[in-house]
Number of protein chains: 2
Amino acid sequence: MREILAPILSKLNQLKPLEPADKEAFLKMPCRIKEVDSGQVLIDEGIRTVNCIGLLSGFAYSHQILQDGKRQIISVHIPGDFPDLKSAILGKACDTLQMLSPGRIALFNMADVQRLLTERPAIQTALWRETLVTTSIVGEWLTNVGRRDARGRISHHLCEFAVRLRFAGLLEGNAYEFPLTQEQIADATGLTVVHVNRTLQDLRRAGVIRTKRRAVQIVDWQRLVQLSDFSPRYLHGKSEMRQGDRPDQ
Amino acid sequence: MREILAPILSKLNQLKPLEPADKEAFLKMPCRIKEVDSGQVLIDEGIRTVNCIGLLSGFAYSHQILQDGKRQIISVHIPGDFPDLKSAILGKACDTLQMLSPGRIALFNMADVQRLLTERPAIQTALWRETLVTTSIVGEWLTNVGRRDARGRISHHLCEFAVRLRFAGLLEGNAYEFPLTQEQIADATGLTVVHVNRTLQDLRRAGVIRTKRRAVQIVDWQRLVQLSDFSPRYLHGKSEMRQGDRPDQ
DNA sequence: CGACTGATTGACGGGATTCAACAACCGTGG
DNA sequence: CCACGGTTGTTGAATCCCGTCAATCAGTCG
């Protein structure tokens with residue numbers, strides 16, 4: 001029953017091994033399933049949040065907008081994530097959560113979640129760890145934007161996304177759907193669209209990647225890793241992929 | 001008794017109101033107090049952590065170093081913080097924690113902390129919230145580095161630091177000790193030392209700030225806020241300072 | 001006093017931005 | 001089926017913010 005929640009449960013279980021009773025308690029929690037469109041706003045900045053969202057399919061992103069209209073993407077969420085956990089626990093959203101692609105979400109009532117957390121400490125630990133891994137990723141993005149050039153920044157994002165998908169069991173080969181437009185890549189990397197465009201061409205010409213619409217194929221994983229100084233340590237994935245490992249192995 | 005732990009307890013209590021029993025349980029937890037030097041490394045990248053650190057006095061920072069020697073500072077910690085909570089809960093450090101100034105820390109055994117967390121859920125919530133506020137701050141730094149120019153980035157840091165000190169009860173007037181050297185400011189803002197130096201001169205010449213050694217005096221708070229598009233919302237401080245408020249009011 | 005760290009300055013170069021088009025691609029509807 | 005409008009991707013030229021290199025100055029401490 002409730003197999004639709006499988007991606008979430010599987011992720012929680014990766015973060016902290018759950019006992020059958022934990023899983024049962026989680027699955028018994030009331031929730032509403034909702035189909036959402038690409039571009040749909042799930043949580044808006046400044047909103048008081050009463051629900052907690054689990055992402056079942058599709059991709060989402062959190063971003064902030066400055067007064068002068070500039071935008072920064074803070075994180076990208078993949079199926080299995082709780083993209084607004086921060087807002088939910090702190091009770092106040094300070095960035096906007098929006099879908100990158102059509103998808104499906106599960107809505108939980110915060111009161112139910114709070115009860116679950118006290119009754120099943122393992123689940124609280126799992127969720128806490130999820131927020132910590134998120135912190136870790138944001139920190140890595142900060143390093144990315146602060147200390148790498150355009151090639152490195154974009155390469156790093158491509159690596160990270162591949163490995164995250166892989167940890168979540170959503171990537172088999174070396175090609176995947178990369179749900180960001182060039183403008184969104186720009187807003188995630190602190191660059192401009194124009195420069196992202198040129199840098200992507202650069203990477204293609206160098207034979208490192210191939211792109212087709214929203215799909216990316218990694219041709220030379222080693223080089224991509226080298227260009228971006230990528231090491232998956234910070235993702236705290238269970239399978240402990242070593243640097244230099246290819247995502248398709 | 002154990003008044004030395006006051007800064008930590010007070011911060012926890014701000015994040016989540018604690019009952020006397022919570023405070024008592026916290027204070028009864030065994031801990032070791034340690035004086036630390038400026039520059040001392042508390043946790044190194046890649047280390048498995050068995051202790052949990054509370055910062056009692058002085059300032060610390062977390063940073064990552066890339067292969068080519070470039071460095072990015074991820075966060076600055078002030079008294080009352082648990083600067084390595086992430087590493088402690090995830091069990092593995094992926095950045096380096098180092099003192100910015102001489103100070104004093106409290107060392108707790110992770111096993112004791114884990115026990116406390118299950119016995120006193122309010123404390124777990126408080127600590128969880130602390131990690132969430134940290135995430136929030138790192139996200140704001142990301143926006144800072146990704147989407148603001150040098151003036152904005154440095155101004156933003158000055159604002160943030162002032163408000164954080166204020167929330168922690170460590171700032172009365174409009175002047176404070178800013179524990180970062182220009183090189184460290186550069187590593188926090190994704191700039192170079194040279195450019196930080198020129199930008200600081202710029203801010204001084206414009207009559208926005210005054211600096212003397214490691215001390216900063218904010219002359220024109222309004223302008224500093226405007227330059228950096230600063231809004232303290234993301235700090236989730238208890239006193240809900242509105243934008244435009246001056247730190248000395 | 002020397003040695004060291006941190007702050008400052010100048011000249012020069014380059015990676016990234018800006019502005020302003022244009023092309024390709026998409027789903028939609030006549 | 002193709003015309004059409006909107007989004008996304010692509011290109012070129014000029015500009016600039018910031019980086020690089022290298023040297024000097026100022027303060028601190030043993």
Side-chain angles (χ1 to χ4, degrees), chain A residues 37-40 61 66 68-73 98-102 144-156 177-206 209-216 227-228, chain B residues 37-40 59 61 66 68-73 98-102 144-155 177-206 209-216 227-228:
Chain A
D37 289 337
S38 175
Q40 187 167 336
Y61 69 122
L66 302 188
D68 59 4
K70 282 173 184 156
R71 192 169 41 150
Q72 178 68 45
I73 297 182
Q98 199 169 355
M99 291 302 293
L100 279 168
S101 60
N144 202 34
V145 172
R147 286 301 179 217
R148 279 190 264 263
D149 64 7
R151 283 183 121 195
R153 291 185 210 180
I154 293 177
S155 303
H156 196 274
E177 181 202 347
F178 191 72
L180 301 181
T181 65
Q182 292 188 358
E183 177 146 30
Q184 286 159 344
I185 296 177
D187 285 335
T189 53
L191 300 166
T192 55
V193 207
V194 176
H195 202 58
V196 166
N197 183 287
R198 295 199 237 259
T199 308
L200 280 174
Q201 289 180 51
D202 194 38
L203 289 172
R204 278 184 304 229
R205 242 180 286 117
I209 57 168
R210 266 180 226 150
T211 64
K212 194 186 173 189
R213 299 210 11 74
R214 232 33 78 74
V216 175
L227 279 174
S228 58
Chain B
D37 289 337
S38 173
Q40 188 169 334
F59 301 99
Y61 69 122
L66 302 188
D68 59 4
K70 281 173 184 153
R71 193 171 39 153
Q72 177 68 45
I73 297 181
Q98 199 169 354
M99 290 303 292
L100 278 169
S101 61
N144 201 34
V145 172
R147 287 300 178 217
R148 278 190 264 262
D149 65 7
R151 283 183 122 194
R153 291 185 211 180
I154 293 177
S155 302
E177 182 202 347
F178 190 72
L180 301 179
T181 66
Q182 292 188 358
E183 177 148 30
Q184 285 159 344
I185 297 177
D187 286 335
T189 52
L191 299 166
T192 56
V193 207
V194 176
H195 203 61
V196 166
N197 184 286
R198 294 200 236 259
T199 307
L200 280 174
Q201 289 179 51
D202 193 38
L203 289 172
R204 277 184 304 227
R205 243 180 285 116
I209 58 168
R210 265 179 227 151
T211 63
K212 193 185 172 189
R213 298 209 12 74
R214 230 38 74 76
V216 176
L227 278 174
S228 58

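So that the names make sense, note that chain A is the first sequence line, chain B the second, and so on, each numbered from 1.
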For each nucleotide in nucleotides 20-30 of chain D, reading 5' to 3', give B when a protein heavy atom comes within less than 4.0 Å of its base, S when such contact involves only the sugar-phosphate, and - otherwise. BB------S--
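We find the CD-CZ distance between B:Q72 and A:R148 to be 10.0 Å, quoted to the nearest 0.5 Å. To the nearest 0.5 Å, atom CZ of residue B:R147 and atom CG of residue A:D187 are 5.0 Å apart. For the atom pair B:R213 CZ and B:E177 CD, the distance stands at 9.5 Å (nearest 0.5 Å).
Residue A:N197 places at least one side-chain N or O under 4.0 Å from the OP1 or OP2 atom of D:dT10.
Scanning both residues, B:G152 and B:N144, for their nearest heavy atoms gives O-OD1, 3.8 Å. Shortest non-hydrogen contact noted between B:R204 and B:T211 is NH1-OG1, 2.7 Å. In terms of heavy-atom proximity, A:Q184 sits nearest to A:I73 at O-CD1, 3.3 Å. The two residues B:A186 and B:T192 make their nearest non-hydrogen contact at CB-C, 3.6 Å. When all heavy atoms are compared, the tightest approach of B:V196 to B:Q182 is CG1-O, 3.9 Å.
Residues of residues 180-188 of chain A that place a heavy atom closer than 4.0 Å to DNA chain D, in numerical order, are A:T181, A:Q182.
Atom-to-atom, CG of B:D149 to P of D:dG19 comes out at 12 Å; the value is rounded to the nearest Å. Distance, A:R148 CZ to D:dG19 C1': 18 Å, rounded to whole Å. For A:R214 and D:dT7, the CZ to P distance is 13 Å, given to the nearest whole Å.
The salt bridge (charged side-chain N to carboxylate O under 4.0 Å, His left out) test applied to A:D37 returns no partner, not counting sequence neighbours. Residues passing the side-chain contact (heavy atoms from CB on, under 4.5 Å) test with B:T199, sequence neighbours excluded: B:A150, B:R151, B:I154, B:H195. In this structure, the side-chain contact (heavy atoms from CB on, under 4.5 Å) partners of B:S38, at least two apart in sequence or on a different chain, are B:P102.
From the 5' end on, the contacts that DNA chain C makes with chain A at under 4.0 Å to a non-hydrogen atom open and close at C:dA16 to C:dC26.
Note on A:L191: only backbone sugar-phosphate atoms sit closer than 4.0 angstrom, heavy atoms only; bases stay farther off. In this structure, A:G39 reaches neither bases nor backbone, as no heavy-atom distance under 4.0 Å exists between it and the strands shown. No engagement by B:R147 is indicated, since no non-hydrogen atom pair under 4.0 Å with the nucleic acid exists.
Nucleotides of DNA chain C nearest to A:A150 and B:L200 differ in position, and the one nearer the 5' end is that of B:L200.
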